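Here's the structure, in structure tokens; my notes come after.
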Amino acid sequence: MKKTVGLHALYRSSTEIADRELWGREANPLTRRGFIKGSGLAAMCAALGASIPFAEHMPAGLIPAALADDPNDFSIPGKDGLVVLNDRPINAETPAHLLDDAVTPASRVFVRNNGVPPKLGPDAADNWTLRIEGEALDAPVSLSLESLKRDYRQHTLALVIECAGNGRAEFYPAAKGNQWTTGAVACPEWTGVRLADVLEPLGIGDDAVYVAYEGADTHLTGDPSKRPISRGIPVAKALEKETLLAFAMNGEPLPLLHGFPLRLVAGGWPASVSGKWLNRLLIRDRVHDGEKMLGQSYRVPCEPVAPGADVSDDDMCIIESMPVKSLITSPRSGVTVPQSAPLAVRGHAWAGDFDVRRVYTSIDFGASWQRAKLERPANRLAWQRFSASVRFPAPGYYEVWARAVDSNGKAQPMLLPGWNPRGYLNNACHRVAVRVMA
Ligand SMILES: Nc1nc2c(c(=O)[nH]1)N[C@H]1C(S)=C(S)[C@@H](COP(=O)(O)O)O[C@H]1N2
Ligand SMILES: [Mo]
């Protein structure tokens, strides 16, 4: 069986039909387990090139991780192995096995642009100014990037940025937008000054509600009266000590694609609040109403809805902290390993504004779980390394699944969280395919 988009499309149109046509698999309506057997099991085993020791635990409608799309080759200058989803504007994600580093190198940070990035030479940093104004500030202020660097204490923090649409590709009915799989997340080290240190001396009014950004990118249509994006965060999040006005990533000036020469970084929230090419901050006396704040953008139904439901704008709530999630960064999905040695499994887990308390792994499609070793984050809002050693009972096709639990006791859903119209917040367990040979 070839790995094609057709497989996903088939599953998206109807998991029942796809299961039946591909493998003759009938779901048991009570357990949602696959009950794949006989010729269907033989067909799936043939496609996977191995027997499936835990086949009886395989959920109905599950596309085997081994058959999920492979990264294609492509190139963006300075990027290494990322998969381009869209080239106008440029959007690219990073395959899981390339996100293994504790601190994500610049070459492996996903790229998400809503508009056209500004064209800036290296000297743009020398005369960049940040204007701060808004209803909840008495008088507008202009600060040069130079003075930001010179007059405030600098901080370096590892902060997770994750696009709210990361994982969108798995939702059914499908949601429009970049079909991110798992790679729109990164945890580089950011250097900058605390937004709080800059705002506090300015005397923010008691009426301040939101801090919003504007950047120097332009709308895709070229219309100068339109903005590609202008989002914001509540004042409390803006004043957290981890919220930075960042000018460097991993000790180098910000790459142009990541917001050179200045960006906002508010870790743990949808990365869409971390405005790039930052040239204006607005201290708002209301919830910001800029581009991509209203309607259904970066919002999910306030109460769960049935898949495919029409949800009115009034019933949509702004996404704040991102949900608990994990990513297996080694081994790479599709590896073949000998049964004789235990397999080292590792990855990262993160939980929005919270800590990850536990990570578990499973090799039997979630029927049983083993606790992994979990490290502390480098700082608040950084991701946490987990590692486990896994033994397989027999040769065959396996999937290693990882499941994280946050400090509130919330766990990742095994297959999919609640559906939402724009396909945000898919924090389902990550799965990698492993073939075990005798
Ligand atoms: N000015 C500006 N800032 C922006 C965006 C943008 O299009 N323009 N995209 C946002 C979104 S949706 C995401 S996910 C992150 C992506 O950051 P990255 O490209 O550095 O990974 O930037 C955010 N900040
Ligand atoms: Mo995003």
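Throughout, numbering of the chain's residues begins at 1 and tracks the sequence. Note that ligands are numbered from 1 as they come in the structure, with each ligand's atoms numbered from 1 the same way. In this text the structure is predicted, and so the values were computed from the model without any measurement.
Every atom of ligand 1 with a heavy atom of N113 under 4.0 Å away is listed here by number and element: 7 (O). Residue G275 approaches ligand 1 through these ligand atoms, each under 4.0 Å from one of its heavy atoms: 3 (N), 24 (N). Atoms of ligand 1 lying under 4.0 Å from at least one heavy atom of C163, given by number and element, are 14 (S). Close contacts of ligand 1 with I229, meaning ligand atoms under 4.0 Å from a residue heavy atom, involve 2 (C), 5 (C), 6 (C), 7 (O), 8 (N). Under a 4.0 Å criterion applied to the non-hydrogen atoms of V111, ligand 1 contributes the atoms 19 (O). Heavy-atom contacts of N114 reach the following atoms of ligand 1: 5 (C), 6 (C), 7 (O), 9 (N), 10 (C), 12 (S) (cutoff under 4.0 Å). Annotation for ligand 1: atoms under 4.0 Å from non-hydrogen atoms of W277 are 1 (N), 2 (C), 8 (N).
Considering backbone and side-chain atoms together, Y298 places no N or O closer than 3.5 Å to any N or O of ligand 1. Ligand 1 has no N or O atom lying under 3.5 Å from any N or O atom of V109, backbone or side chain. Of the N or O atoms in S272, none lie within a sub-3.5 Å distance of an N or O in ligand 1.
Electrostatic pairing of E133 and R131 counts as a salt bridge here, judged by a charged N lying under 4.0 Å from a carboxylate O. For the pair D100 and R346, the salt-bridge criterion is met [side-chain N within less than 4.0 Å of a carboxylate O]. No salt bridge links E93 with R112; every basic N to acidic carboxylate O contact stays at or beyond 4.0 Å. Ion pair R280/E214 flagged as a salt bridge, since at least one NZ, NE, NH1 or NH2 atom sits closer than 4.0 Å to an Asp/Glu carboxylate oxygen.
Only the side chain of I161 comes within contact range of ligand 1, with a heavy atom under 4.0 Å; no backbone atom does.
A donor-acceptor pair is defined here as one N or O able to donate and one able to accept, closer than 3.5 Å; no such pair exists between the side chain of Q154 and the backbone of R150.
In this structure, atom 23 (C) of ligand 1 lies nearest to the protein heavy atom A271 O, 3.3 Å. The single protein non-hydrogen atom nearest to atom 13 (C) of ligand 1 is R112 CG, 3.6 Å, given as residue, atom name and distance. In terms of protein heavy atoms, atom 21 (O) of ligand 1 is closest to F110 O, 2.6 Å. The protein heavy atom nearest to atom 22 (O) of ligand 1 is R263 NH2, 3.4 Å. Atom 2 (C) of ligand 1 has its closest protein heavy atom at D217 OD2, 3.4 Å.
By the 30° and 60° cut-offs, the orientation of the rings of W383 relative to H348 is parallel.
No side-chain heavy atom of N250 sits under 4.5 Å from any side-chain heavy atom of T191. At least one side-chain heavy atom of F247 sits under 4.5 Å from a side-chain heavy atom of L145.
Relative to the six-membered ring of W369, R403 meets both conditions, a distance below 6.0 Å and an angle of at most 45° to the axis.
Residue I283 forms a side-chain contact (heavy atoms from CB on, under 4.5 Å) with just one option from V211, D138, V235, and that option is V211.
The residue among E93, R227, K276, E162 with a heavy atom at the shortest distance from atom 1 (N) of ligand 1 is K276.
Residue contacts with ligand 1 include S274, since one of its heavy atoms falls under 4.0 Å from the ligand.
For Y424, the ring-ring contact (aromatic ring centres under 6.0 Å, His included) partners are Y298, not counting sequence neighbours.
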